[in-house]
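Read the numbers this way: they start at 1 and go in the same order the structure lists the ligands and their atoms.
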Amino acid sequence: MESRQSEPAESHPPQSHPPESSLPEVVAPFGARVLAEATARVCDVRAVFGDPVGASSPPAPEPDLARILRGPSGLGTAGLRLVPREEPAPPAEAPGEGPGEAPPAAAEGTPIPGLYHHPVPDPDPVRVEEVSRRIKSWAIDEVSLYPDDWEEEFDGFSVGRYMVACHPDAPTVDHLMIATRLMVAENAVDDCYCEDHGGSPDGLGERLLLAHTALDPLYTTQEYQPQWARSLHADAPRRAYRSAMEYFVQAGSASQADRFRHDMARLHMGYLAEAAWAKEDRVPEVWEYLAMRQFNNFRPCPTITDTVGGYELPADLHAQPAMQRVIALAGNATTIVNDLYSYTKELASPGRHLNLPVVIADREGLSERDAYLKSVEVHNDLMREFETAAAELTAALPVPSAQRFLRGVATWVDGNHYWHRTNTYRYSLPDFW
Ligand SMILES: CC(C)=CCC/C(C)=C(\C)COP(=O)(O)OP(=O)(O)O
Ligand SMILES: [Mg+2]
């Protein structure tokens with residue numbers, strides 16, 4: 001097990017956080033129990049990657065075996081791959097900079113030139129159709145999510161295709177619906193409380209706090225409890241959060257629900273920071289923006305990959321700093337993908353909508369194009385940091401649930417890019433190439 005190269009101490013000022021652990025330290029807190037269990041159960045690589053032929057545990061759901069067997073990727077992971085992984089051919093030169101080369105137009109649905117990503121197979125159309133049917137029924141019949149004139153936008157979000165692409169290892173459509181309801185509810189809160197369906201920075205803290213109690217219940221006296229309970233039906237975001245969380249709690253464990261509540265509190269804190277800057281009409285420093293975007297972030301979506309997959313990453317493994325770092329890096333990469341694909345949509349929206357290219361252009365005095373291209377490089381660096389950290393942890397932690405979780409997070413990252421790239425109803429690329 002290679003240890004992470006420690007960096008020369010003199011190059012770093014005293015850190016306010018513990019220095020990054022070397023890998024043996026990462027594993028040590030797991031304790032002999034976990035490693036003994038892992039060693040005893042790891043009989044062959046296929047068992048580790050979710051194809052437990054002959055293993056004692058119940059047959060795993062039909063995984064995306066090709067992708068799982070491709071194993072981790074990124075720098076330094078060649079030795080960890082089980083089968084060669086097709087790599088997207090990196091552009092020989094920046095688009096349009098080859099000799100006599102005309103800048104290629106970024107046609108609809110094409111990936112952002114130069115963006116490091118992994119193509120995914122088209123999601124199963126049968127599942128896409130069934131999830132799309134069920135989520136519309138839930139939105140209309142169970143939570144009265146939207147008025148009729150929002151139906152086209154709801155359909156254009158293509159949430160069925162999104163979730164099937166991000167969770168190919170979900171054992172059933174019921175499992176997929178757990179993620180799909182939450183995705184729709186999370187976007188309803190963002191649209192209605194923060195963004196273009198009545199959102200505003202004014203009073204956002206109150207709205208988010210009260211909506212959060214639909215996920216993390218109020219425990220109070222008998223006198224006041226009924227008023228709170230009624231409040232959860234007062235608007236569409238709260239109805240959606242309450243219902244989606246009820247299904248999640250029924251399907252998952254107490255620690256998975258607690259993990260999700262924590263991730264949603266992070267999300268809501270990110271919304272509040274973004275709103276504070278909007279209210280002050282302030283453009284943050286780039287690092288401040290990246291900090292906010294680590295919280296206003298897709299994180300609550302990939303971190304439920306085990307619940308949607310019908311298994312559980314133990315709480316003590318989820319809580320480890322090395323796992324937390326992998327999750328944060330994955331969330332950061334996925335969310336900068338949104339900044340890049342939603343850039344033209346946000347430029348066209350009222351006021352100044354902050355995203356990474358806008359903040360870099362303002363704070364670093366770059367042209368819109370140069371700031372956008374630099375944001376692509378920031379994304380690529382985050383993706384490689386994520387993949388390197390995930391590969392190291394995969395190698396250091398031979399626990400099937402942890403390895404499947406890490407694969408699931410990587411699959412979510414790839415599915416999220418697929419959805420952003422192909423959702424030409426919602427997104428279009430700038431003409432920078
Ligand atoms: C689904 C979920 C947990 C979302 C979290 C935060 C969020 C809404 C995003 C990361 C998407 O960002 P944004 O508000 O920019 O959305 P669009 O660009 O309008 O799609
Ligand atoms: Mg966006």
Side-chain angles (χ1 to χ4, degrees), residues 112 135 150 153-154 156-159 162-163 165-167 178-201 204 208 211-212 215 237 240-241 244-245 248 259-275 277-278 289-305 308 327-328 330-359 372 375 379 382 409 412-413 415-417 419-430:
I112 292 169
I135 194 63
W150 290 10
E153 194 173 337
F154 181 86
F157 194 83
S158 303
V159 70
Y162 197 174
M163 293 294 93
C166 287
H167 296 284
I178 295 164
T180 310
R181 290 184 205 96
L182 287 172
M183 174 59 82
V184 168
E186 288 149 4
N187 275 278
V189 168
D190 185 44
D191 290 345
C192 298
Y193 285 6
C194 311
E195 310 255 357
D196 44 4
H197 286 312
S200 163
L204 180 60
L208 284 176
H212 194 79
L215 309 172
Y241 261 5
M245 190 64 187
F248 182 88
R259 178 203 307 169
F260 179 75
R261 291 186 183 107
H262 187 172
D263 284 341
M264 290 303 285
R266 288 182 166 108
L267 174 65
H268 295 151
M269 192 160 58
Y271 287 164
L272 291 172
E274 182 185 50
W277 291 330
Y289 176 79
L290 290 170
M292 180 280 288
R293 215 50 172 138
Q294 178 164 307
F295 290 83
N296 179 350
N297 187 290
F298 284 118
R299 179 180 180 132
C301 306
T303 55
I304 65 172
T305 185
V308 178
I327 291 169
N332 290 342
T334 63
T335 306
I336 301 304
V337 159
N338 176 273
D339 280 19
L340 293 166
Y341 278 96
S342 64
Y343 175 75
T344 57
K345 175 172 86 80
E346 289 165 358
L347 276 186
S349 65
R352 176 169 49 196
H353 193 298
L354 293 183
N355 53 52
L356 187 57
V358 163
V359 174
Y372 189 95
S375 300
H379 163 272
L382 288 168
V409 170
W412 204 94
V413 169
N416 176 69
H417 174 265
W419 177 78
H420 276 87
R421 173 180 68 79
T422 57
N423 194 325
T424 52
Y425 171 84
R426 193 173 171 84
Y427 304 122
S428 61
L429 296 188

Q. Which is it for Y343 and H379 under the ring-ring contact (aromatic ring centres under 6.0 Å, His included) test, yes or no, and what are the steps along the way?
A. CA-CA 14 Å; Y343 175 75; H379 163 272; over 10 Å; no
**Q.** N416/Y162 under side-chain hydrogen bond (donor to acceptor under 3.5 Å, both in side chains): CA gap, chis, key distance, verdict
**A.** CA-CA 7 Å; N416 176 69; Y162 197 174; 2.6 Å; yes
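Of the possible donor and acceptor atoms, one in the side chain of R261 sits under 3.5 Å from a partner among the backbone N and O of L215. Looking only at distances, a side-chain donor or acceptor of W419 sits under 3.5 Å from a matching main-chain atom of F157. Looking at H212, its side chain never comes within 3.5 Å of a backbone N or O of L208 through a donor-acceptor pair.
The six-membered or imidazole ring of Y193 lies away from that of Y271, with a centre-to-centre distance of 6.0 Å or more.
With sequence neighbours left out, T422 forms a side chain to side chain contact (heavy atoms under 4.5 Å, CB included) with R161, Y418. In this view, T305 and H167, Y311, F405, V409 satisfy the side chain to side chain contact (heavy atoms under 4.5 Å, CB included) rule, not counting sequence neighbours.
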Pairwise, report which nitrogen or oxygen atoms of ligand 1 are under 3.5 angstrom from protein nitrogen or oxygen atoms, and how far apart they are.
from	atom 1	to	atom 2	distance (Å)
ligand 1	12 (O)	R293	NH2	3.0
ligand 1	12 (O)	N338	OD1	3.3
ligand 1	14 (O)	D190	OD2	3.1
ligand 1	14 (O)	E195	OE2	3.1
ligand 1	15 (O)	R293	NH2	3.3
ligand 1	15 (O)	N338	OD1	3.0
ligand 1	15 (O)	E346	OE2	2.8
ligand 1	18 (O)	N338	OD1	3.0
ligand 1	18 (O)	N338	ND2	3.2
ligand 1	18 (O)	S342	OG	3.1
ligand 1	18 (O)	E346	OE2	2.9
ligand 1	19 (O)	K345	NZ	2.6
ligand 1	19 (O)	R426	NH2	3.4
ligand 1	20 (O)	N338	ND2	3.2
ligand 1	20 (O)	R426	NE	3.4
ligand 1	20 (O)	R426	NH2	3.1
ligand 1	20 (O)	Y427	OH	2.5

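Smallest separation of non-hydrogen atoms from F298 and T335: N-OG1, 3.1 Å.
Counting only protein N, O or S atoms, the number found under 2.8 Å from the Mg ion (ligand 2) is 3.
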